[in-house]
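It should be emphasised that the depicted structure is a prediction, and the values quoted were computed from it without experimental measurement. Note that the numbering runs from 1 along the sequence shown for the chain.
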Amino acid sequence: MNKLYPDAAAALDGLLKDDMLIASGGFGLCGIPERLLEAIRDSGVKNLTFASNNAGIDNEGIGMLLRTQQVKKMISSYVGENKEFERQFLSGELEVEFCPQGTLAERMRAGGAGIPGFYTKTGVGTQVAEGKEVKEFANRDGQMEEYILERGIFADLAIVKAWKADETGNLVFRKTARNFNLPAATCGKACVVEVEEIVPTGSLDPDCIHLPGVYVQRMIVGAPYDKKIEFVTTRERETA
């Protein structure tokens, strides 16, 4: 089965529709599937719900889809550094479901494992717990404590960014760019990946593969990439 597509638009063909839930990897601008997000923007689909740690920054990452008002809801942990996000939320144009980072990662992982829900202490007694089932369990000391029920995320589509892939879709992420990409990749009905490099099947060390190719349906090569948050600053050389 050939999983490699010529570009992002081709890889997403037939997978996009209005009102869908998309799980997206990335943390800030680190490890975000830039090419796939651009293709989603250009497709014109609307009323999207994104499960992602945050929405990038103004006009970068998911922020570019906020600019075009294609996103109706964000399931996120961090919403800073994005003025358009703030404006839409405060004006009632954007629905936001705040979710602690560890809980968000576990909700994605649970969805990928077919687990509909789990109990956690994170968020007990805060706004995070509002409207959620609360249940008491004994802790390791035998004392009863409250836990809240969190739902697994079952996305219509997962879009992620990896460093390397072989031709069968086995993935390797690079350092902190792994972040939410791995759990996001597992919780979608379909998973589309953009990578920096494709290598021959069998050339990756099996012990170094972070995500098996069974989770990956389609791939593109997205390189080269610009580092949007790095700026070169120089000064004139001082005379001796």
Side-chain angles (χ1 to χ4, degrees), residues 3 15-17 19-27 31-33 36 48-55 62 71-79 95-162 165 168-173 176-193 206-207 209-218:
K3 298 183 178 182
L15 299 178
L16 298 177
K17 61 182 180 179
D19 301 296
M20 69 187 306
L21 169 57
I22 300 175
S24 178
F27 187 104
I32 62 171
L36 295 172
L48 302 174
T49 297
F50 269 91
S52 181
N53 177 67
N54 64 330
I62 299 173
V71 181
K72 71 174 181 180
K73 179 179 179 179
M74 288 294 307
I75 304 172
S76 297
S77 298
Y78 177 67
V79 297
E95 183 182 351
V96 178
E97 180 182 335
F98 284 112
C99 186
Q101 284 187 345
T103 301
L104 179 59
E106 181 61 12
R107 288 179 67 189
M108 290 180 177
R109 190 205 68 82
I115 299 171
F118 59 92
Y119 288 94
T120 176
K121 281 190 61 63
T122 305
V124 170
T126 72
Q127 290 183 342
V128 170
E130 292 181 2
K132 296 175 182 175
E133 179 185 329
V134 179
K135 193 176 182 70
E136 288 192 341
F137 293 94
N139 63 21
R140 65 184 63 187
D141 297 320
Q143 299 174 330
M144 299 302 291
E145 293 185 324
E146 290 186 342
Y147 293 76
I148 59 175
L149 177 64
E150 292 284 1
R151 304 287 182 177
I153 291 176
F154 298 92
D156 298 301
L157 173 67
I159 56 172
V160 301
K161 161 78 183 305
T168 66
N170 293 313
L171 303 183
V172 177
F173 300 97
T176 57
R178 187 188 315 188
N179 51 60
F180 285 81
N181 276 296
L182 199 154
T186 67
C187 73
K189 293 178 182 178
C191 176
V192 183
V193 182
D207 289 331
I209 290 172
H210 298 135
L211 185 75
V214 67
Y215 289 102
V216 176
Q217 280 73 51
R218 303 181 182 185

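- Looking at residues two or more places apart in sequence or on another chain, you find a side chain to side chain donor-acceptor pair (under 3.5 Å) between Glu97 and Lys73, Arg107.
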- Apply side-chain contact (heavy atoms from CB on, under 4.5 Å) to the pair Val216 and Val160, showing each step before the final yes or no. CA-CA 10 Å; Val216 176; Val160 301; over 6 Å; no
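- Here the straight-line distance linking atom CZ of Phe98 with atom CG of Leu104 works out to 12.5 Å at 0.5 Å rounding.
- Residues satisfying the side chain to side chain donor-acceptor pair (under 3.5 Å) criterion with Asn179, sequence neighbours excluded, are Asn181.
- More than 12 non-hydrogen atoms from other residues, nucleotides or ligands lie less than 6.0 angstrom from CD of Glu136.
- Under the rule for a side chain to side chain donor-acceptor pair (under 3.5 Å), the partners of Thr122 that lie at least two apart in sequence or sit in another chain are Thr120.
- Here the side chains of His210 and Val172 are in contact, with some heavy-atom distance below 4.5 Å.
- Residues passing the salt bridge (charged side-chain N to carboxylate O under 4.0 Å, His left out) test with Arg218, sequence neighbours excluded: none.
- For Glu95 (side chain) and Lys72 (main-chain N/O), no donor-acceptor pair under 3.5 Å exists by modelled atom type.
- In terms of the side chain to side chain donor-acceptor pair (under 3.5 Å) criterion, Asn54 has no residue partners (sequence neighbours excluded).
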- Message: I'd like to know whether Val193 forms a side-chain contact (heavy atoms from CB on, under 4.5 Å) with Tyr215, so could you lay out the CA-CA distance, the side-chain angles of the two residues, the decisive distance to 0.1 Å, and finally the verdict.
- Response: CA-CA 10 Å; Val193 182; Tyr215 289 102; over 6 Å; no
Which pairs would a plain distance check flag for residues 141-152, meaning a side-chain donor or acceptor within less than 3.5 Å of a matching protein atom at least two apart in sequence or in another chain?
residue	atom	partner	partner atom	Å
Glu145	OE2	Asn139	ND2	3.4
Glu150	OE1	Lys132	NZ	3.2
Glu150	OE2	Lys132	NZ	2.9

